Amino acid sequence: METDKYAAYASVILDIRLDMTLDYGIAEDQLSQIFRGSRVEVFVRGKLQKGFILEIKPHSEFPGVKPLHKILSEGPLVPDELFDLALWISRYYCSNPSDIFRLILPPGIRKGMSDKEQLFVMRGKTREEIIKFCQENRNKKPAQVAILDAVLKITKGILLTKLLEESKGTRSSVNTLAKSGWLKLETVKIDRSPLIDEDYFMTKPKILNEEQDEALKKVVKSLQAHVFETHLIHGVTSSGKTEVYLQAIEEALKLDKGIIMLVPEIALTGQTIERFRCRFKEKMAILHHRLSQGERNDEWHHIRTGKAKIVIGARSAIFSPVMNLGLIIIDEEHEQSYKQNDLAPCYQARDVAVMRGKFNRATVLLGSATPSLDSYYNAHIGKYTLSVLNNRADTASLPIVTIVDMKKEMEKNKGMTNFSDALLSGIEKRQERGEQTILFLNRRGYHTNMLCQDCHKPIKCHQCDSTMTFHLNENCLSCHLCGYQLIPPPKECPNCKGTKPLKFRGAGTEQIERALHAIFPGIRTLRMDADTTKHKGSHQKILRQFGTGKADVLIGTQMIAKGLHFSEVTLVGVLNSDSGLNIPDFRAAETTFQLITQVSGRSGRGSSKGEVIIQTFLPENSTIQFAARQNYQEFYQEEIEIRKIFAYPPFSRIAKLVFSGKQAEKVLQAGQEAREMLIRTLPSYFEFLPVVPCGHAKIKELFRFQFMLKSPSLALLNQAFYGIKKNLPLLKSIRVSIDVDPSSTFF
Ligand code: ADP
Ligand code: ZN
């Protein structure tokens with residue numbers, strides 16, 4: 001080590017793609033302005049580059065360290081605990097330090113976007129002149145015309161960021177148009193907070209029932225003690241968990257603490273947000289993926305400066321720089337959407353929340369009608385404090401559930417059928433009484449596949465290992481993995497060019513809707529799935545229509561399974577309750593139980609008694625039985641035993657390594673070599689599963705193989721995995737992703 005020339009040293013993570021940090025020297029006079037996370041400029045091979053400071057340290061191991069050129073940001077960007085959390089995540093989930101900044105700083109802040117000054121764009125010439133220009137230049141200058149088209153749609157003017165988003169245009173086209181006088185640009189100061197100007201009627205806290213009160217008291221106790229403690233509220237659907245959250249937030253505000261509440265993305269609808277808006281006068285930041293970059297920036301500043309004390313958001317809101325964070329709430333804590341699967345780091349927001357609670361000495365509150373096995377186990381062994389709400393909060397009681405054996409229905413109807421007699425008569429009764437029905441089916445489209453009657457193979461996507469779904473409205477076959485479409489669907493089999501007509505199989509939501517209209521002419525239906533909710537706001541619109549009685553039946557996929565509260569719904573039909581049970585994954589039963597219980601929970605939330613009909617080919621299956629009885633305890637007892645016997649989480653920890661690349665043999669080989677290397681280097685208590693094709697064995701031309709390894713404990717897995725990615729023997733053409741605590745061990 002050379003003698004320390006500088007007051008201190010900074011390891012800097014650069015914006016350019018480089019997986020390691022570089023050290024730079026900090027001068028005495030820079031020391032007071034420099035923090036972890038500071039934005040800085042440094043020389044790399046004679047060129048100025050921007051980056052962030054990851055660590056400030058007294059020494060550097062490297063010789064010839066250059067001075068830090070310039071500090072670009074004022075003060076610390078993020079609170080210290082948040083920074084520690086990010087470092088923990090990078091270690092725990094084996095991800096690069098550069099991924100940290102993606103998590104804790106929104107893109108606009110990272111790039112140093114100015115916070116409230118924005119360019120406002122207006123027309124520079126008359127509408128008529130612009131229309132003429134567009135007509136004449138549609139082919140010659142498509143980029144400029146696209147922008148003017150968007151400008152023509154508005155009456156006065158539009159923010160530049162919004163214009164670029166809507167027209168998919170570039171800044172340089174806008175500049176050209178401004179120079180030639182077609183557009184006028186003006187700098188404005190603006191607050192982009194999405195909830196601004198909205199008025200709400202305030203609601204008062206409800207008087208809690210005994211169970212709710214007891215749960216709240218426990219939470220308040222740890223809030224007041226300023227200690228880290230995790231609570232789990234296991235409350236049946238509609239037992240008033242949300243009311244407990246609301247009152248816990250109120251208590252936290254009294255103690256001048258900041259609050260983060262996570263909800264599943266899909267639940268970030270008007271319904272949820274309004275319930276929170278109506279209770280608190282304090283400013284609230286709502287974070288969801290539909291926010292523009294500018295809106296996200298503003299919200300971030302509101303949170304960072306303490307202006308917004310309450311943050312409600314999906315998964316990534318757990319990284320909000322909330323001041324004096326005292327309470328973290330995770331609603332529907334069992335939801336798999338809290339786990340990020342597709343992008344490193346593959347973090348589980350619920351686990352991150354507990355860790356953040358620890359760093360911040362905050363109270364963590366998890367709630368669900370169907371807790372994840374992991375959380376319930378933690379409550380069972382005393383790591384979490386458990387509260388139970390056994391009854392529905394208002395006058396409503398839990399619905400009556402019937403299981404229908406679809407094999408018998410098929411015999412009765414002499415063939416395949418989508419609806420049991422019981423379900424049909426139930427729907428008819430609701431229609432007569434003016435009540436509503438929800439039908440759940442976790443497959444969208446019309447037919448789930450097309451089968452060749454000569455070679456007996458289904459039509460598959462040419463880029464993926466997946467069967468294609470027929471969509472009647474668009475008259476196409478579509479791949480749900482990559483979005484590839486065949487319009488119209490082929491008439492003959494692309495495999496064998498056979499002569500027999502192709503056969504359609506399997507019903508999706510689209511078919512169910514049509515079939516209902518055929519059976520009950522005049523029935524009013526709404527459908528909610530990925531196909532009907534492509535457009536911004538369509539999701540809300542469907543829910544609003546259903547809520548105001550514009551339809552008798554709502555048909556939908558997972559999207560309708562949770563969080564919805566419609567008091568006129570007295571019948572829920574689960575059409576293919578067992579489809580998830582066939583997936584070879586140790587969580588299959590857990591997921592199925594949760595799904596059925598949650599969907600069932602949408603029934604009978606008002607004054608009339610609710611009913612649920614579960615259609616299944618496995619009427620004896622214990623998971624279906626437990627879900628029908630809405631008996632979480634029984635389900636837990638059975639399932640936890642199985643996990644114990646097979647040493648699955650929570651009795652072990654799993655990491656999944658997925659390898660992908662263009663040539664199947666090379667990918668397989670890479671997987672095997674990596675596995676062998678790990679077997680040689682890791683202690684023998686690690687259990688290695690074989691390398692197998694992933695559940696989706698090919699996506700977008702990339703072949704995918706995976707293997708899993710099990711570790712008896714978390715700490716051991718972490719130690720073993722530290723820095724592992726760098727040491728894997730891998731070709732450049734092969735990508736690897738490491739998923740610690742994966743939500744699926746199959747796909
Ligand atoms: P959950 O979050 O468990 O699904 P909610 O908090 O949404 O339950 O409560 C379900 C319904 O019961 C809501 O309409 C809510 O306003 C009402 N409710 C909750 N707590 C009470 C209470 N203590 N007294 C009366 N009604 C309540
Ligand atoms: Zn595909």
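The shown structure was predicted, so the numbers you read here are calculated from the model rather than taken from an experiment. Just so you know, ligand 1 is whichever comes first in the structure, and atom 1 is the first atom listed for that ligand.
- Taking only nitrogen or oxygen atoms, main chain and side chain alike, Ala393 does not reach within less than 3.5 Å of ligand 1.
- For the pair Asn378 and Leu232, the minimum side-chain heavy-atom distance is 4.5 Å or more.
- Between the side chains of Asp585 and Thr745, at least one donor-acceptor pair of N or O atoms lies under 3.5 Å.
- In this structure the side chain of Phe635 never reaches within 4.5 angstrom of the side chain of Gln625, judged on heavy atoms.
- Here the protein heavy atom with the shortest distance to atom 8 (O) of ligand 1 is Gly240 N, 2.9 Å.
- The nearest heavy-atom contact from the protein to atom 21 (C) of ligand 1 is Lys206 CD, 3.5 Å.
- Within the 4.0 Å heavy-atom criterion, both parts of Thr242, backbone and side chain, lie near ligand 1.
- When distances to the Zn ion (ligand 2) are checked against a cut-off of 2.8 Å, Cys479 contributes an N, O or S atom below that limit.
- Closest to atom 10 (C) of ligand 1 among all protein heavy atoms lies Ser238 OG, 3.2 Å.
- Atom numbering of ligand 1 starts at 1 in the shown order; those under 4.0 Å from a heavy atom of Ser239 are 1 (P), 3 (O), 8 (O).
- Protein heavy atom in closest approach to atom 20 (N) of ligand 1: Gln212 NE2, 3.0 Å.
- Among all protein heavy atoms, the one lying closest to atom 12 (O) of ligand 1 is Asp394 OD2, 3.4 Å.
- The aromatic ring centroids of Phe705 and Phe659 lie 6.0 Å or more from each other.
- Listed by number with element, the atoms of ligand 1 under 4.0 angstrom from any heavy atom of Arg605 are 4 (O).
- Side-chain polar atoms of Ser372 and Arg587 form no donor-acceptor pair below 3.5 angstrom.
- In the vicinity of His565, heavy-atom distances shorter than 4.0 Å reach the ligand 1 atoms 14 (O).
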Verify ring-ring contact (aromatic ring centres under 6.0 Å, His included) between Tyr632 and Tyr376, making sure each step is shown before the conclusion.
CA-CA 10 Å; Tyr632 181 84; Tyr376 203 78; 4.9 Å; yes
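- Every atom of ligand 1 with a heavy atom of Ile207 under 4.0 Å away is listed here by number and element: 22 (C), 23 (N), 24 (N).
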One pair to check against salt bridge (Lys or Arg N to Asp or Glu O under 4.0 Å): Arg430 and Asp552. What are the steps and the verdict?
CA-CA 8 Å; Arg430 299 312 181 293; Asp552 307 304; over 6 Å; no
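- When SG of Cys482 and SG of Cys461 are joined through the Zn ion (ligand 2), the resulting angle is 110° to the nearest 10°.
- A 4.5 Å side-chain heavy-atom check between Phe470 and Glu510 finds every atom pair outside the cut-off.
- Listed by number with element, the atoms of ligand 1 under 4.0 angstrom from any heavy atom of Asn209 are 23 (N).
- Remark: minimum distance from atom 15 (C) of ligand 1 to any protein heavy atom is reached at Arg275 NH2, 3.8 Å.
- By the 30° and 60° cut-offs, the orientation of the rings of Phe504 relative to His447 is parallel.
- Using a 4.0 Å cutoff on heavy atoms, Gly235 does not count as a contact of ligand 1.
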Assess the residue pair Lys662 and Glu701 against the criterion (salt bridge (Lys or Arg N to Asp or Glu O under 4.0 Å)); give the C-alpha distance rounded to whole Å, side-chain angles, the decisive distance to 0.1 Å, and a yes or no.
CA-CA 6 Å; Lys662 286 218 154 103; Glu701 308 280 3; over 6 Å; no
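- For Lys218 and Ser387, the side-chain atoms include at least one donor-acceptor pair closer than 3.5 Å.
- In this structure, Arg392 does not count as a contact residue of ligand 1, since none of its heavy atoms falls inside 4.0 Å of the ligand.
- Per-residue contacts place Glu243 under 4.0 angstrom from the following atoms of ligand 1 (heavy atoms of the residue considered): 6 (O), 19 (C), 20 (N).
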